[in-house]
Protein chains: 2
Amino acid sequence: MITPTDKKVLKRFGENLRKLRKDKGLSLREMSYACSIDNSKIAKIEKGMINITFTTLLQLAVALEAHPSMLLEYEPE
Amino acid sequence: MITPTDKKVLKRFGENLRKLRKDKGLSLREMSYACSIDNSKIAKIEKGMINITFTTLLQLAVALEAHPSMLLEYEPE
DNA sequence: AGAATTGAGGTCTTATAAGGCCGCAATTTA
DNA sequence: TAAATTGCGGCCTTATAAGACCTCAATTCT
């Protein structure tokens, strides 16, 4: 079950993801196209609404042309 | 659906996880205790049998006393 | 040898991620 | 201002992760 603490962690991850996407100047649909993940799903991830799997993390990294570990390097807060 | 390519990626991740655990001198049960993940599940992860979620990745990092991103830093191969 | 530890697979239930589509309000652009 | 783009939430089905427990063969320890 997804705890309130998890919620917070996912939200923080989402915020960072959003930042990385913006920095790369991509719209949700552009990013969607770049990694084959539905744009609405990416929106949900950025909102911290879903607990993504390992493979989804890798897909996101592809779209951002970054190393997967980079998506985890942000201030936990 | 989990593709053969995903399978390979998960397997590689698992091998690395196993290495990290061994390096820390932990048995599956010890690690299980350290991160509240059933030992049989950790075994499955190491075997690349499951596509773990973001929160599970964080839990594993706790047991290894490492930054989550570290679990992703290995030779993709 | 006997006991304990360890890795690992199987099984069952429940929660939820994935995948895909729709629509709409708010921007942004033409 | 009309038209496109964008973010985003809802909905549905299917696949599968999570979580918990059991068993057992192979090691390792005593």
Side-chain angles (χ1 to χ4, degrees), chain A residues 1-65 68-69 71-72 74, chain B residues 1-65 68-69 71-72 74:
Chain A
M1 66 334 284
I2 175 145
T3 72
T5 305
D6 286 340
K7 257 313 247 180
K8 254 178 258 174
V9 170
L10 291 171
K11 192 149 178 286
R12 184 70 194 87
F13 170 78
E15 285 168 2
N16 184 60
L17 180 68
R18 185 188 185 79
K19 183 190 177 317
L20 294 174
R21 175 172 64 81
K22 293 286 190 186
D23 287 353
K24 218 166 160 37
L26 297 172
S27 71
L28 285 177
R29 283 174 175 77
E30 282 167 342
M31 180 153 171
S32 168
Y33 182 72
C35 66
S36 311
I37 293 178
D38 190 274
N39 66 295
S40 75
K41 182 176 166 182
I42 299 175
K44 285 163 197 159
I45 295 170
E46 290 186 354
K47 288 289 176 180
M49 294 169 73
I50 56 187
N51 188 11
I52 64 169
T53 60
F54 185 75
T55 54
T56 296
L57 179 71
L58 300 193
Q59 283 185 83
L60 294 172
V62 168
L64 297 171
E65 300 180 289
S69 69
L71 308 211
L72 303 180
Y74 53 86
Chain B
M1 64 334 283
I2 175 145
T3 71
T5 306
D6 286 340
K7 256 314 247 179
K8 254 177 261 174
V9 169
L10 291 170
K11 192 148 177 286
R12 183 70 193 87
F13 171 78
E15 285 168 4
N16 184 61
L17 180 69
R18 185 188 185 79
K19 181 191 179 317
L20 294 173
R21 175 173 64 80
K22 292 285 189 187
D23 287 353
K24 218 168 160 38
L26 296 173
S27 72
L28 285 177
R29 282 174 175 77
E30 282 168 342
M31 180 153 171
S32 168
Y33 182 72
C35 65
S36 310
I37 293 179
D38 190 274
N39 66 295
S40 75
K41 181 177 168 183
I42 299 175
K44 285 163 196 160
I45 294 170
E46 291 186 354
K47 287 289 177 182
M49 295 169 72
I50 55 187
N51 188 11
I52 63 169
T53 61
F54 185 74
T55 54
T56 295
L57 179 70
L58 300 193
Q59 282 184 84
L60 294 172
V62 168
L64 297 171
E65 299 180 289
S69 69
L71 308 211
L72 304 181
Y74 52 85

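The structure presented is a predicted model; accordingly, all values stated were derived computationally and were not measured. We use all heavy atoms of the structure for the numbers below, so side chains are in, but hydrogens, waters and symmetry mates are not.
A:Asp6 places its CG atom 17 Å from the P atom of D:dA17, with the value rounded to the nearest Å. As a whole-Å value, the separation of B:Arg29 CZ from C:dA8 P is 11 Å. Rounded to whole Å, the distance from CG on A:Leu60 to P on C:dA18 is 9 Å. A:Tyr33 places its OH atom 15 Å from the P atom of C:dG20, with the value rounded to the nearest Å. Look at CD1 on A:Ile50: it is 5 Å from P on C:dA18, rounded to the nearest Å. Atom C1' of nucleotide D:dG7 and atom CD1 of A:Ile37 are separated by 16 Å, given to the nearest angstrom. Between B:Lys41 atom NZ and D:dA18 atom P the separation is 4 Å, expressed in whole Å.
Distances shown here put every side-chain N or O of B:Thr56 at or beyond 4.0 Å from the OP1 or OP2 atom of D:dA17. Contact annotation: A:Lys47 side-chain N/O to D:dC8 OP1/OP2 distance is under 4.0 Å. The side chain of A:Lys22 places an N or O atom within less than 4.0 Å of a non-bridging phosphate oxygen (OP1 or OP2) of D:dG7.
Between the side chain of B:Ser40 and the base of D:dC21 there is at least one donor-acceptor pair of N/O atoms closer than 3.5 Å. Checked by distance alone, B:Lys44 brings a side-chain donor or acceptor within 3.5 Å of a matching partner on the base of C:dG10.
For B:Arg21, the listed nucleotide lying nearest its side chain is C:dG7; candidates were D:dA18, C:dG7, D:dC11. When distances are taken from the side chain of B:Asp38 to each of D:dC21, D:dC8, D:dA17, the shortest belongs to D:dC21. Comparing C:dA18, D:dA18, D:dA17 against the side chain of B:Asn51 picks out D:dA17 as the nearest. In this structure, of D:dT6, C:dG9, C:dG7, it is C:dG9 that holds the atom nearest to the side chain of B:Met49. Of the listed nucleotides (D:dA18, C:dT16, D:dT16), D:dT16 has the atom at the smallest distance from the side chain of B:Ile2.
B:Ile37 and B:Ser32 get closest at one heavy-atom pair: O-OG, 2.7 Å.
Side chains of A:Thr55 and B:Asp6: a donor-acceptor N/O pair is absent below 3.5 angstrom, by distance only.
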In sequence, state the C-alpha distance, the side-chain angles, and the governing distance for B:Lys24 and B:Glu65, and then conclude on salt bridge (charged side-chain N to carboxylate O under 4.0 Å, His left out).
-> CA-CA 9 Å; B:Lys24 218 168 160 38; B:Glu65 299 180 289; 2.7 Å; yes

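Note that CG of B:Asn16 is 10.0 Å distant from CD of B:Glu46, once rounded to the nearest 0.5 Å.
For B:Arg18 and B:Glu15, the salt-bridge test fails: no basic side-chain N is under 4.0 Å from an acidic carboxylate O.
At the heavy-atom level, A:Thr53 lies under 4.0 Å from the strands shown only through sugar-phosphate atoms.
Nearer to the 5' terminus of DNA chain D, by closest-nucleotide assignment, is the contact made by B:Phe54 (compared with the other of B:Phe54 and B:Asn39). Sequence order on DNA chain C of the closest nucleotides to B:Arg18 and A:Leu10 puts B:Arg18 first from the 5' end.
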